[in-house]
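For the numbers below, each heavy atom of this structure counts, side chains included, while hydrogens, waters and symmetry mates do not.
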Amino acid sequence: MVFDEVKNFINGEFKSGSSNKIHAVVSPLDGNELTTFKESTIEDLNEIISFAKKAQKAWQKVTLKERVQVFYKYKQLLEQNSAELTEIIYRENGKIHGEAKAEIDKAIELTEFACSLPQFINGENMEVSKGVFCSSTKLPLGIVASIVPFNFPTMVPHWTIVNAIALGNAFILKPSEVVPISSQYTAKLLKEAGLPDGLFNIINGTQSTVENLCDHPDIKAITFVGSTKVAKIVYQRASHNLKQVLALGGAKNHIILLPDAHPDMASSNIVASMSGCAGQRCMAAATLIAVGNCDAILSKLIDDANKIQCGTTLGAVISKAAKEKIESYITEAEQQGAKIILDGRNTIVPGKENGFYVGPTIIDYATANMRVAKEEIFGPVLTIVRVNTIDEALAIENANPYGNACSVFTQSGGLANYVTENASAGMCGVNIGVPVPREPFGFGGWNESRFGSGDITGKSAVGFFTKEKKTTTKWNPEAGTNWMS
């Protein structure tokens, strides 16, 4: 595939950024340049805002039931263009085709949820006193923005795009500068689906663009997904500017493995969790806490992980810098006394010698205080920590500052409940390696994995992208009067 220059999308048209600074977009598969884009300026953002204001004022007057008709058509376009969209993700992100296709499928599911909004957002009306009625309605905020990461170029933007616009807002997307191509096709398909110009906009850039979004007074709400370090900065800066903010950060997810776990189920799910999307997801299995004698299950897990092949069943990591960082964690753990059972360092895929690959890696006999066991690595690396009791395992999980996910593998319902009740994580799983909730349940972690309130998807997202108006009405002068009326 040959890609055109990546451009901003402003009022239904693609326009290059105003800066003279040019960024290259490189494929992790082979290190080749895919395209370029120009850095955006505050003037570009101001232009987007000027059109978005006008478009949003007209859009909010359209009923919710009419607004979502656009997304029925958009869902069809996603389905019809799935193969092309999959290939784009494969090329710019480096994940394997099956994982890229799953992103499109998830975007379709998220769009389906947006189409269902009229079925449960119908306001409330109650006679609160004789002849006195109170009603509530949900109204759009105005202009909202989302800053999204590299690891899911299509899925994560759809966490917010479809709900925010369906609820009556105008939307600005700031894609990751390393994977900005997929968003160009999102813009094309939304326009083809009939979305009025000015409601969906793209601004490309780096740190200065993020700062401009956080500071602009006409942007009423911002969501962010990325590292915890940057999530804190975005949350503090945008909330300081009196915006509504939800910033999702990183994670160090724990899987607690009990000796009674089903060997095949545990092994296949844990391996898929640690290696899927090359481990570059905030719900990946990262630290496996083996309670008691789990050697038989661990042996099968190692065998299953050893069958993974880079370039076919395991994709690339996003950059050379990411590859070097991941491998440095493995080396440090080895130097500190951990045992490298499966070593993915220095992996080269024939025919893609310049690609950025790290093979599946399993580190055993780590201690809970090693960096490899407590910091987010964002690669296909599983660290095993061995303990004697379930309470020791929970103590390690609870002590970690993050709080996205925790799973337990066991055939005991009582023990499973004990773990899920006591884990310090917003999303828990039982015999599931990646416990991501499906719509209408919302995605959102705890602790330093989330800054702000509510979830970014599902029913909880409705409250984030709307404001509620309450109206109290009395028409009957003959109605009785008491302290409530």
Side-chain angles (χ1 to χ4, degrees), residues 40 42 45 141 144-153 155-157 159-160 164 172-179 203 205-217 219-254 279-284 286-287 318-319 321-322 325-326 329 369 371-379 397-406 423-427 436 442-457 460-461 463-465:
S40 300
I42 187 62
L45 180 57
L141 299 176
V144 301
S146 285
I147 303 160
V148 296
F150 74 82
N151 55 336
F152 290 95
M155 183 191 77
V156 170
W159 281 355
T160 51
I172 303 171
L173 177 67
K174 192 278 173 192
S176 166
E177 58 269 28
V178 296
V179 290
I203 188 161
T206 53
Q207 180 178 335
S208 63
T209 303
V210 172
E211 291 170 348
N212 288 337
L213 290 169
C214 290
D215 295 345
H216 203 291
I219 296 174
K220 303 304 180 185
I222 285 183
T223 66
F224 171 89
V225 180
S227 71
T228 287
K229 178 182 177 181
V230 181
K232 286 181 179 179
I233 294 169
V234 168
Y235 180 79
Q236 291 168 344
R237 185 160 184 156
S239 60
H240 176 76
N241 288 314
L242 307 180
K243 301 185 192 307
Q244 189 157 290
V245 189
L246 180 56
L248 303 189
K252 188 65 173 179
N253 304 313
H254 295 76
Q280 298 175 124
R281 53 186 176 186
C282 61
M283 292 294 283
T287 298
I318 194 63
S319 66
K325 180 182 177 183
I326 295 164
Y329 272 103
N369 62 349
R371 287 204 312 145
V372 75
K374 63 183 184 181
E375 295 183 8
E376 185 173 42
I377 299 174
F378 230 52
E397 191 278 336
N398 286 185
N400 194 271
Y402 300 109
N404 248 7
C406 177
S424 182
M427 294 170 280
V436 174
F443 184 100
W446 288 0
N447 310 327
E448 294 207 352
S449 291
R450 179 181 67 184
F451 304 93
S453 59
D455 290 337
I456 201 167
T457 64
S460 180
F464 183 83
F465 287 116

TODO: Can you sort out the partners of Ser424 under side chain to side chain donor-acceptor pair (under 3.5 Å), two or more places apart, ordered by chain and number?
DONE: Asn447

Open item on the list: For Pro153, give me all partners under side chain to side chain contact (heavy atoms under 4.5 Å, CB included), at least two apart in sequence or on another chain.
Closed with: Ile89, Glu92, Asn93, Glu103, Val179, Ser182

Task: Heavy-atom closest contact (Ala247 atom, Ala231 atom, distance) - done: CB-O, 3.6 Å

Task: Separation of Thr457 OG1 from Trp159 CH2 (nearest 0.5 Å) - done: 7.0 Å

- [ ] Might you point out which heavy atoms bring Lys252 and Val372 nearest each other, and give the distance in Å?
- [x] NZ-O, 3.0 Å

Open item on the list: Within the 4.5 Å heavy-atom criterion, are Phe451 and Val245 side-chain neighbours or not?
Closed with: no

Task: Residues in side chain to side chain contact (heavy atoms under 4.5 Å, CB included) contact with Ser319, at least two apart in sequence or another chain - done: Ala321, Ala322

TODO: Using the test side chain to side chain contact (heavy atoms under 4.5 Å, CB included), find all partners of Ser449 that sit at least two apart in sequence or belong to another chain.
DONE: Ala251, Tyr402, Asn404

Open item on the list: Which residues pass the side chain to side chain donor-acceptor pair (under 3.5 Å) test with Ser176, not counting sequence neighbours?
Closed with: none

TODO: Taking all heavy atoms of Gly226 and all of Pro149, pick out the closest pair and write down the distance.
DONE: CA-CB, 4.5 Å

TODO: Measure the spacing between OG of Ser146 and CZ of Phe465 and express it to the nearest 0.5 Å.
DONE: 5.0 Å

Open item on the list: One pair to check against side chain to side chain contact (heavy atoms under 4.5 Å, CB included): Val210 and Phe224. What are the steps and the verdict?
Closed with: CA-CA 10 Å; Val210 172; Phe224 171 89; 5.6 Å; no

Task: Contacts of Phe464 that satisfy ring pair (Phe, Tyr, Trp, His ring centres under 6.0 Å) - sequence neighbours left out - done: none

Open item on the list: Using 0.5 Å steps for rounding, measure from the CD atom of Glu376 to the CG atom of Asn253.
Closed with: 8.0 Å

Open item on the list: Under the rule for salt bridge (charged side-chain N to carboxylate O under 4.0 Å, His left out), what residues qualify as partners of Glu177, not counting sequence neighbours?
Closed with: Lys174

TODO: Output all residues satisfying salt bridge (charged side-chain N to carboxylate O under 4.0 Å, His left out) with Arg281, sequence neighbours left out; order by chain, then residue number.
DONE: none

Open item on the list: List the residues meeting salt bridge (charged side-chain N to carboxylate O under 4.0 Å, His left out) with Lys232, not counting sequence neighbours, and say none if there are none.
Closed with: Glu448

Open item on the list: Could you check whether any side-chain heavy atom of Lys374 comes within less than 4.5 Å of a side-chain heavy atom of Thr287, counting everything from C-beta outward?
Closed with: no

Open item on the list: With rounding to the nearest 0.5 angstrom, report the CD1 to CG distance, Ile172 to Leu213.
Closed with: 6.0 Å

Task: Where Gln280 and Phe152 come nearest, the two heavy atoms and their spacing - done: O-CE1, 4.2 Å

Open item on the list: So which atom in Ile377 and which in Ile326 form the shortest heavy-atom distance, rounded to 0.1 Å?
Closed with: O-CG1, 3.7 Å

Task: Minimum heavy-atom distance Cys282-Gly249, with the two atoms named - done: CB-O, 4.5 Å

Open item on the list: I'd like to check the side chain to side chain donor-acceptor pair (under 3.5 Å) partners of Ser453; sequence neighbours left out, ordered by chain and number.
Closed with: none

- [ ] Name all residues meeting the side chain to side chain contact (heavy atoms under 4.5 Å, CB included) criterion together with Asn212; count only those two or more places apart in sequence or in a different chain, and write none if there are none.
- [x] Ile42, Leu45

Task: Interatomic distance, Leu246 atom CG to Ile222 atom CD1 [nearest 0.5 angstrom] - done: 11.5 Å

TODO: Kindly compute the distance separating CZ (Phe378) from CG (Asn151), expressed to the nearest 0.5 Å.
DONE: 4.0 Å

TODO: With sequence neighbours excluded, give me every side chain to side chain donor-acceptor pair (under 3.5 Å) pair touching residues 234-244.
DONE: Asp215-Arg237, Asp215-Asn241

